[in-house]
Amino acid sequence: MTCTIEKILTDAKMLLERLKEHDTAAESLIDQSAVLHQRVAAMREAGAAPAEKVSAAGGAAGPTALLVVCSNAVLYFAELWISLEEHQDALELIMSKYRKQMLQLLQGRKGEDAEPVLRVHHANSVEIESQIDRICEMGEVMRKAIQVDDDQFFKVQEKLAQLELENKELRELLSISKESFEVGREDLPD
């Protein structure tokens with residue numbers, strides 16, 4: 001299975017969108033929990049207020065009315081409490097599934113994502129090593145060519161110096177032989 005950078009990027013974008021959706025769902029649940037908490041607090045206050053009104057009125061409605069108000073408030077609180085617990089359970093379920101999916105995704109991606117990158121890196125490093133080897137070989141050939149050129153240059157310089165010396169000696173011999181020839185001619189009677 002080949003894994004390209006484009007595929008990795010699209011997967012990352014899709015994962016980011018999912019995370020945003022989960023985040024908004026979690027925030028929504030938190031908001032709903034806060035609203036329920038406020039309702040519970042309001043109901044507590046409302047449950048306490050009728051009881052105070054009844055006792056302030058001097059028990060005109062009687063204990064039966066107080067009992068009905070209290071039992072209604074208790075039932076309403078119980079329903080709110082159950083609803084709050086259901087919301088918390090739902091939030092926990094969503095978060096546990098999210099954590100599980102993230103763990104699976106990270107564990108699955110570690111080996112899968114690293115393998116193509118390592119292959120490409122290995123191929124690039126092998127190519128770079130071969131190019132470095134070729135450059136070193138070319139440098140060695142150039143060094144040898146320079147050495148051969150230098151040796152050739154020194155040989156030519158040496159040969160030139162030798163030829164110049166021979167030429168000078170030959171000229172001296174020639175001038176000596178010319179002089180002796182001229183001297184020998186002068187000595188000859190005409």
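Numbering of residues begins at 1 and proceeds along the displayed sequence.
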Gap separating the [atom1] atom of [X] from the [atom2] atom of [Y], nearest 0.5 angstrom:
X	Y	atom1	atom2	answer
M102	M95	CE	CE	10.5 Å
R134	I132	CZ	CD1	11.0 Å
D31	H87	CG	NE2	11.0 Å
E27	K20	CD	NZ	12.5 Å
R39	Q32	CZ	CD	10.0 Å
L174	N167	CG	CG	10.0 Å

M142 atom CE, over 12 foreign heavy atoms within 6.0 Å =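 No, CE of M142 has 12 or fewer neighbouring heavy atoms, counting only those of other groups under 6.0 Å.
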So does E140 have more than 12 non-hydrogen atoms from other groups sitting under 6.0 Å from CD?
->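 Yes, enclosed.
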Side chain proximity check, [X] to [Y], heavy atoms < 4.5 angstrom:
X	Y	value
K168	E164	no
T10	E6	no
E92	D89	no
K100	S96	no

Does V35 belong to the same Ile/Leu/Val/Met/Phe/Trp/Tyr cluster as L84, with side-chain heavy atoms less than 4.5 Å apart forming each link?
->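 Looking at the clustering, L84 is in a separate group from V35.
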Look at E21 together with R18 and state whether they make a salt bridge at an N to O cut-off of under 4.0 Å.
->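 Here E21 does not pair with R18 in a salt bridge, since their nearest N and O are not under 4.0 Å apart.
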